[in-house]
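These notes concern the structure reproduced below.
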Amino acid sequence: MSYISIIGGNRLEGEISLQGSKNATLPILAACVLCDGPVELFNCPDISDVRDLLYALSCAGVKSKLTGHRLELDGSDAVPFFFGPELAGKTRGGVLLLGAFLGRFFEAGMAYPGGCVIGARPIDLHCKVLKELRVITEEREDGVFVKGRPRGGKVVLPYPSVGATENALLAAVRAEGTTKIYGAAREPEVAELCRFLQKAGAKIEGVGTSVLRIEGVSRLHGISYTLPGDRIVAGTYLATAAMTGGDVILRNTTGVCMKGIFESLRVAGLTVYRTGDAMRLRASGKRLPVKMLKTAPFPAFPTDMQSQMTALLTLAAGESVICETVFESRFGIVGELQKMGADVSCDKQCIFIRGGKKLHGATVTATDLRTGAALVMAGLAAEGESRVYGSEFIARGYENICGTLSLVGAKMAQTEEYEEKTENRVWQQKDGNCETEQDTSSALRQFV
Ligand code: UD1
């Protein structure tokens, strides 16, 4: 098992170059399958969610090469493929392969997707939108299977699911006819997917709004595209600066939309300055408690910042309340912060933070990506030494978090406890070739 060891109590100061956005990259990787030609992506984050999705794509014949942050992808030789549990279960972004492969091959199948332990994360809305594009959709015990050429129509989302909106877009861009998606998610990453698809030749109107109009085209072409910076990683590092009383400048942030995040930091008594491609947070004055903060779909406060904000508010003298409205069980942070001396509890969907107590180092465990990041923040602000287990969750979305934060003065290091696991990861990522023994075609063949 690997963990991050942290010696807390150091003020962070200096500059960090912001990594590319995980949630923008994953759907765009899936979208590459729809392009008849090579795609070149710049600013691609080197995180395990990206590597896992590239591995899944390689199993379906998509070639890729990641050099630094430049990713070359070629889906010319891709084939229809059933993504079994060992592939689909790794990252939630994998569910997007359904819409992309359906759009390209008119058939797709996958086991039920994985992701963080933050809620049930059903895929009923994904299936709903694909049904509304008039393809045959079968939900079986072993996975979801879709078949038929998507045909334009009216797609209605009763809840603005990010992934279901993206799946609808992926299936609709090469569909026959025109599709209108009502109730679409407005997250910046959905708009980014639209812009990528537009550049590749798709016809989409209403980008960034809750009504998207997609006129199907027969083909998309290969392109070069620069991925945006990660707004959640930006929020995490700014909040880390705040927690350690530091002064951190983030570079490479041009165009990164911080709506919902800056507002919440402001309410907590923090100001972020933005000029050119930089954001700067210099902690000064008192950190304030926040009476009530609710997570909700964009442009509200993002659920992906909830755990980090909880950690931050443990240091604000007074009572804060954060209510989680997006995921029903995203509360992994609460018990772990208690181990570090925080007075925090949770009831129903809300977290109650009675802040102002000093945190002390402890051995804690992350069970999801953002809890992991929040525990690192708390460890850096705490007195003494901490161990954060579950660092593999953090690696899903944060590129080299130890190296990055060490650059601005953090004392932290990644430690591997068992060699076996390390060897396994190296094997998986060695050359991107699929070496699993699953029968790739049988599940699709069984499907009518
Ligand atoms: C995406 C992000 C994730 C973020 C989330 C909400 C990626 C790869 N992940 O996840 O980081 O936390 O948006 O901003 O982009 N739901 C259903 N049925 C469905 C689909 C979703 O009930 O078919 C529910 C989910 O259980 C959850 C809520 O809708 O309670 C939001 O999920 P959704 O917006 O789909 O999130 P993801 O796309 O999974």
Side-chain angles (χ1 to χ4, degrees), residues 20-31 45 47-50 52-53 56 88-100 110 112-132 137 139 144 146 155-170 181 183-193 196 210 227-228 230-233 235-236 257 259-261 294-309 323-332 349 368-374 393-394 396-398:
S21 159
K22 169 176 88 70
N23 288 354
T25 304
L26 299 177
I28 288 177
L29 294 187
I47 51 178
S48 66
D49 260 13
V50 164
D52 286 341
L53 193 55
K90 281 219 152 190
T91 159
R92 179 71 183 177
V95 71
L96 301 171
L97 299 175
L98 210 55
M110 71 185 317
Y112 293 101
C116 290
V117 192
I118 54 178
R121 301 190 96 166
I123 58 163
D124 54 319
L125 297 176
H126 296 257
C127 295
K128 178 182 188 299
V129 300
L130 297 178
K131 275 181 204 152
E132 284 168 347
T137 306
E139 288 169 71
V144 185
V146 283
V155 170
V156 181
L157 279 160
Y159 180 88
S161 155
V162 172
T165 304
E166 291 168 344
N167 246 333
L169 274 161
L170 292 166
I181 306 175
R186 291 178 290 156
E187 267 67 6
E189 293 78 16
V190 175
E192 200 64 42
L193 173 63
F196 171 88
S210 56
L227 296 159
D230 194 308
R231 64 192 173 107
I232 303 299
V233 174
T236 305
C257 175
K259 226 175 169 23
I261 301 176
K294 263 189 191 169
T295 67
F298 188 83
F301 177 64
T303 173
D304 284 351
M305 274 300 293
Q306 179 252 90
S307 307
Q308 301 91 308
M309 202 65 190
C323 291
E324 173 60 54
T325 76
V326 180
F327 290 107
E328 69 279 12
S329 47
R330 189 169 224 179
F331 303 107
Q349 288 305 108
D368 70 82
L369 164 61
R370 305 301 170 189
T371 293
F393 288 106
I394 303 176
R396 290 180 46 185
Y398 293 82

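Because only heavy atoms are used, hydrogens play no part in the values below, and waters and symmetry mates are left out as well, while side chains stay in. Both counts, for ligands and for their atoms, begin at 1 and track the order of listing. What you are looking at is a predicted structure, and each value in this text was computed from that prediction instead of being measured.
- Interface of Tyr159 with ligand 1, defined as ligand atoms under 4.0 Å from a residue heavy atom, comprises 28 (C), 29 (O), 31 (C).
- Each of Thr371, Thr303, Asp368 was scored for a side chain to side chain donor-acceptor pair (under 3.5 Å) with Arg330, with one residue passing: Thr303.
- The distance criterion of under 3.5 Å between nitrogen or oxygen atoms is met by Asp304 with respect to ligand 1.
- Each of the following atoms of ligand 1 lies closer than 4.0 Å to a heavy atom of Val326: 27 (C), 28 (C), 30 (O), 31 (C).
- Annotation for Lys128: atom NZ counts as buried by contact number, over 12 foreign heavy atoms lying within 6.0 Å.
- Heavy-atom distances between Glu189 and ligand 1 stay at or above 4.0 Å for every pair.
- Annotation: Pro160 places no N or O atom under 3.5 Å from an N or O atom of ligand 1; distance criterion only.
- In this structure, Pro122 counts as a contact residue of ligand 1, since one of its heavy atoms falls inside 4.0 Å of the ligand.
- Atom 21 (C) of ligand 1 has its nearest heavy-atom neighbour, among Pro158, Ser161, Pro297, Pro302, in Ser161.
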Yes or no on side chain to side chain contact (heavy atoms under 4.5 Å, CB included) for Arg231 and Met305, after CA distance, side-chain angles and deciding distance?
CA-CA 10 Å; Arg231 64 192 173 107; Met305 274 300 293; over 6 Å; no
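- The two atoms that bring Thr236 and Gln308 nearest to each other are OG1-NE2, 3.1 Å, heavy atoms only.
- Shortest non-hydrogen contact noted between Leu227 and Ile28 is CD2-CD1, 3.6 Å.
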Report, one line per pair, each donor and acceptor closer than 3.5 Å where one atom sits in a side chain of residues 158-166; sequence neighbours left out.
{"unit_1": "Ser161", "atom_1": "OG", "unit_2": "Ala164", "atom_2": "N", "d": "3.0"}
{"unit_1": "Thr165", "atom_1": "OG1", "unit_2": "Ser161", "atom_2": "O", "d": "2.6"}
{"unit_1": "Thr165", "atom_1": "OG1", "unit_2": "Ala185", "atom_2": "N", "d": "3.0"}

Quick one: do Leu53 and Leu97 satisfy side chain to side chain contact (heavy atoms under 4.5 Å, CB included)? Show the steps, please.
CA-CA 9 Å; Leu53 193 55; Leu97 299 175; 3.8 Å; yes
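- Considering backbone and side-chain atoms alike, Thr303 places every N or O at 3.5 Å or more from each N or O of ligand 1.
- Nearest heavy atom pair, residue Glu189 against residue Ser21, reads CG-OG, 4.0 Å.
- Remark: ligand 1 and Glu166 share no N or O pair separated by less than 3.5 Å (distance only, no angle test).
- Checking only distances, Leu26 never comes within under 3.5 Å of ligand 1, N or O to N or O.
- Against a heavy-atom cut-off of under 4.0 Å, Gly163 is close to the following atoms of ligand 1: 35 (O), 38 (O).
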